[in-house]
Amino acid sequence: MTDADLETHDRQVTAVAQAVAKLLPKLNAQGFTPEAIFEGAVKGGATALLAGTSASAEEVAGLLEEMAVGFRNLEKPNLHVVQ
């Protein structure tokens with residue numbers, strides 16, 4: 001991946017993350033829990049990856065495990081929730 005590709009990827013990830021974060025105030029009013037929103041977002045992302053690429057379920061699981069390592073050091077002040 002080129003630097004330009006990485007920059008585009010980062011912008012796209014940020015846009016999707018912001019869209020998911022905006023679901024909390026909208027869906028919370030309808031009784032959705034933050035946990036349900038998170039699980040739905042992760043399952044939807046995994047489904048998109050499986051449908052849109054040649055990735056296997058095992059590869060998606062490995063990607064999720066790698067991402068989990070990064071989340072272990074994520075502190076709440078570093079989160080930016082868009083409302």
Side-chain angles (χ1 to χ4, degrees):
M1 255 189 189
T2 67
D3 286 345
D5 291 337
L6 289 173
E7 288 175 14
T8 297
H9 175 82
D10 287 344
R11 278 194 307 277
Q12 291 172 346
V13 168
T14 298
V16 172
Q18 288 175 346
V20 171
K22 288 179 184 178
L23 292 175
L24 179 60
K26 293 176 184 176
L27 295 179
N28 191 253
Q30 298 175 37
F32 285 69
T33 64
E35 293 83 4
I37 295 166
F38 174 81
E39 185 175 340
V42 171
K43 286 182 176 181
T47 299
L49 193 56
L50 289 167
T53 71
S54 62
S56 68
E58 185 67 27
E59 289 169 321
V60 173
L63 176 62
L64 290 170
E65 288 170 350
E66 288 177 26
M67 292 179 71
V69 170
F71 279 110
R72 295 201 192 290
N73 298 320
L74 188 65
E75 295 187 23
K76 204 163 191 169
N78 293 327
L79 296 174
H80 301 286
V81 178
V82 180
Q83 294 188 23

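Model, not experiment: these values are computed from the prediction.
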Margin query: Please give me the minimum heavy-atom distance between Ile37 and Leu24, naming the atom from each residue.
Written below: CD1-CA, 3.7 Å

Check: Do Val20 and Val13 sit in the same hydrophobic cluster, where Ile, Leu, Val, Met, Phe, Trp and Tyr count as joined when their side-chain heavy atoms come under 4.5 Å apart?
Finding: no

Check: Quick one: CG on Asn28 to CG on Leu23, what's the gap to the nearest 0.5 Å?
Finding: 11.0 Å

Margin query: Tell me which pairs pass salt bridge (Lys or Arg N to Asp or Glu O under 4.0 Å) where either residue lies in residues 55-68, with sequence neighbours left out.
Written below: none

Notebook entry, point to check: With sequence neighbours left out, which residue pairs that include part of residues 24-39 fulfil the salt bridge (Lys or Arg N to Asp or Glu O under 4.0 Å) condition?
Noted result: Glu39-Lys43

Check: Which residues pass the side chain to side chain contact (heavy atoms under 4.5 Å, CB included) test with Gln12, sequence neighbours left out?
Finding: Thr8

Margin query: Among residues at least two apart in sequence or on other chains, which ones pass side chain to side chain contact (heavy atoms under 4.5 Å, CB included) with Phe38?
Written below: Val42

Item checked: Inter- and intrachain pairs under salt bridge (Lys or Arg N to Asp or Glu O under 4.0 Å), touching residues 3-15, at least two apart -> none

Validation: residues 48-55 side-chain donor-acceptor distances under 3.5 Å, sequence neighbours left out:
{"unit_1": "Thr53", "atom_1": "OG1", "unit_2": "Leu49", "atom_2": "O", "d": "2.6"}
{"unit_1": "Thr53", "atom_1": "OG1", "unit_2": "Ala55", "atom_2": "N", "d": "3.1"}

